[in-house]
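See structure below.
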Amino acid sequence: MKRILVLCTGNSCRSQMAEGWLRHFAKDKAEVYSAGIETHGVNPKAIQFMKEAGIDISRHTSNHINEYKQIDFDYIITVCDHAKENCPYFPANAERLHHNFSDPSKVKGSEEEIANAFRATRDEIRDYSKKFIEENIK
């Protein structure tokens, strides 16, 4: 079974969404984890907008990368430039991939503008995750 780690700065939003989507598409063919180089707690709007798409991440926790150093990952996916540039050395023979998704938690504006930002990022992560699983997890 393949092991996937999704890494972001605070393990709050984008990495949580990616963990949810990757688990959904991989089903029982992969173990999926997410972590941050810091921990900020799971963003309530990430939970809300993933639920809107039928994915429940309400039981996810915000984890620090150091919690997973003993796991031999097959893939490490960074989902923000800050995490890619600031990730401490992580002992793994994993294939490393990167995609910088926009951070909807940084959007200022009306509730509708914020909702649209979360939906756009959620859907972009969904499409990336689906393609990743189709191409890498057999």
Side-chain angles (χ1 to χ4, degrees):
M1 180 171 303
K2 300 291 184 181
R3 291 187 178 123
I4 305 164
L5 175 65
V6 183
L7 186 61
C8 200
T9 301
N11 192 217
S12 161
C13 189
R14 293 167 285 180
S15 55
Q16 294 289 344
M17 290 181 180
E19 178 184 353
W21 282 121
L22 288 165
R23 284 183 180 196
H24 172 76
F25 291 120
K27 301 194 181 352
D28 61 350
K29 295 179 183 160
E31 292 177 16
V32 183
Y33 303 80
S34 67
I37 57 175
E38 304 165 6
T39 56
H40 297 165
V42 182
N43 185 303
K45 289 194 182 304
I47 294 169
Q48 174 188 345
F49 289 103
M50 286 296 286
K51 185 175 184 176
E52 180 182 273
I55 305 294
D56 183 5
I57 63 169
S58 64
R59 295 181 191 260
H60 284 199
T61 57
S62 185
N63 301 87
H64 192 274
I65 188 172
N66 289 341
E67 296 176 47
Y68 299 128
K69 285 196 173 186
Q70 76 285 358
I71 298 175
D72 187 23
F73 289 102
D74 297 287
Y75 300 96
I76 297 175
I77 304 170
T78 50
V79 293
C80 72
D81 288 341
H82 184 261
K84 181 182 181 215
E85 294 162 6
N86 294 284
C87 181
Y89 171 73
F90 193 77
N93 294 319
E95 181 176 343
R96 295 171 191 263
L97 301 143
H98 176 69
H99 187 97
N100 186 48
F101 295 99
S102 61
D103 187 352
S105 69
K106 302 284 189 223
V107 172
K108 305 290 184 218
S110 68
E111 284 299 316
E112 182 179 354
E113 290 167 322
I114 293 168
N116 288 339
F118 270 88
R119 288 183 183 114
T121 298
R122 175 199 66 200
D123 294 350
E124 186 181 359
I125 292 172
R126 177 199 60 215
D127 296 346
Y128 177 91
S129 299
K130 185 174 192 275
K131 183 178 181 194
F132 172 84
I133 294 299
E134 289 171 349
E135 292 177 355
N136 295 286
I137 307 299
K138 306 296 179 212

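Atom set for the values below is all heavy atoms of this structure, side chains included, hydrogens, waters and symmetry mates excluded. Quick caveat: nothing in here was measured; it's all calculated off a predicted structure. This chain uses plain numbering: 1 for the first residue, then up along the sequence.
F49 CZ to C13 SG: the interatomic distance, rounded to the nearest 0.5 Å, is 10.0 Å. Atoms CG and CZ, from L5 and R96 in turn, are 9.0 Å apart once rounded to the nearest 0.5 Å. Taking CD of E113 as the start and CG of N116 as the end, the distance is 8.0 Å to the nearest 0.5 Å. A distance of 11.5 Å separates NE2 of H99 from SG of C80, quoted to the nearest 0.5 Å. For the atom pair I133 CD1 and Y75 OH, the distance stands at 9.0 Å (nearest 0.5 Å). For the atom pair I76 CD1 and H98 NE2, the distance stands at 14.0 Å (nearest 0.5 Å).
Judged by distance alone, with hydrogens and angles left aside, the side-chain atoms of N63 form no donor-acceptor pair with the main-chain N or O of A35 at under 3.5 Å. Not a single donor-acceptor pair under 3.5 Å links the side chain of S62 to the backbone N or O of S12. A donor-acceptor pair is defined here as one N or O able to donate and one able to accept, closer than 3.5 Å; no such pair exists between the side chain of E52 and the backbone of I47.
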* Could you go through the side-chain contact (heavy atoms from CB on, under 4.5 Å) check for R3 and I71 one step at a time? => CA-CA 8 Å; R3 291 187 178 123; I71 298 175; 3.4 Å; yes
* Just do the side-chain contact (heavy atoms from CB on, under 4.5 Å) check on T9 and E38 with the steps written out, would you? => CA-CA 6 Å; T9 301; E38 304 165 6; 4.0 Å; yes
* **Steps toward side-chain contact (heavy atoms from CB on, under 4.5 Å) verdict (I4, I137)** => CA-CA 10 Å; I4 305 164; I137 307 299; 4.2 Å; yes
* Residue pair R122, M50: steps toward the side-chain contact (heavy atoms from CB on, under 4.5 Å) verdict -> CA-CA 7 Å; R122 175 199 66 200; M50 286 296 286; 3.6 Å; yes
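Between G36 and N11, the closest heavy-atom pair is N-CB, 3.4 Å. Minimum heavy-atom separation, G109 to I114: O-CD1, 3.6 Å. Minimum heavy-atom separation, S102 to P104: O-CD, 3.1 Å.
If you check the side chains of H64 and T39, you find no donor sitting under 3.5 Å from an acceptor.
Environment of CD in E112: sparse, with no more than 12 heavy atoms of neighbouring residues, nucleotides or ligands closer than 6.0 Å.
Applying the side chain to side chain contact (heavy atoms under 4.5 Å, CB included) rule to S129 yields the partners W21, L22, F25, I125; only residues at least two apart in sequence or on another chain are considered.
A side chain to side chain donor-acceptor pair (under 3.5 Å) with S34 holds for exactly one of R23, E19, R14, H60; it is E19. Considering D123, V107, N43 as possible partners of F118, the one that fulfils the side chain to side chain contact (heavy atoms under 4.5 Å, CB included) test is N43.
In this structure, K45 pairs ionically with E111, as a charged nitrogen and a carboxylate oxygen lie closer than 4.0 Å.
Taking 4.5 Å as the limit, some side-chain heavy atom of L97 sits within range of a side-chain heavy atom of Y128.
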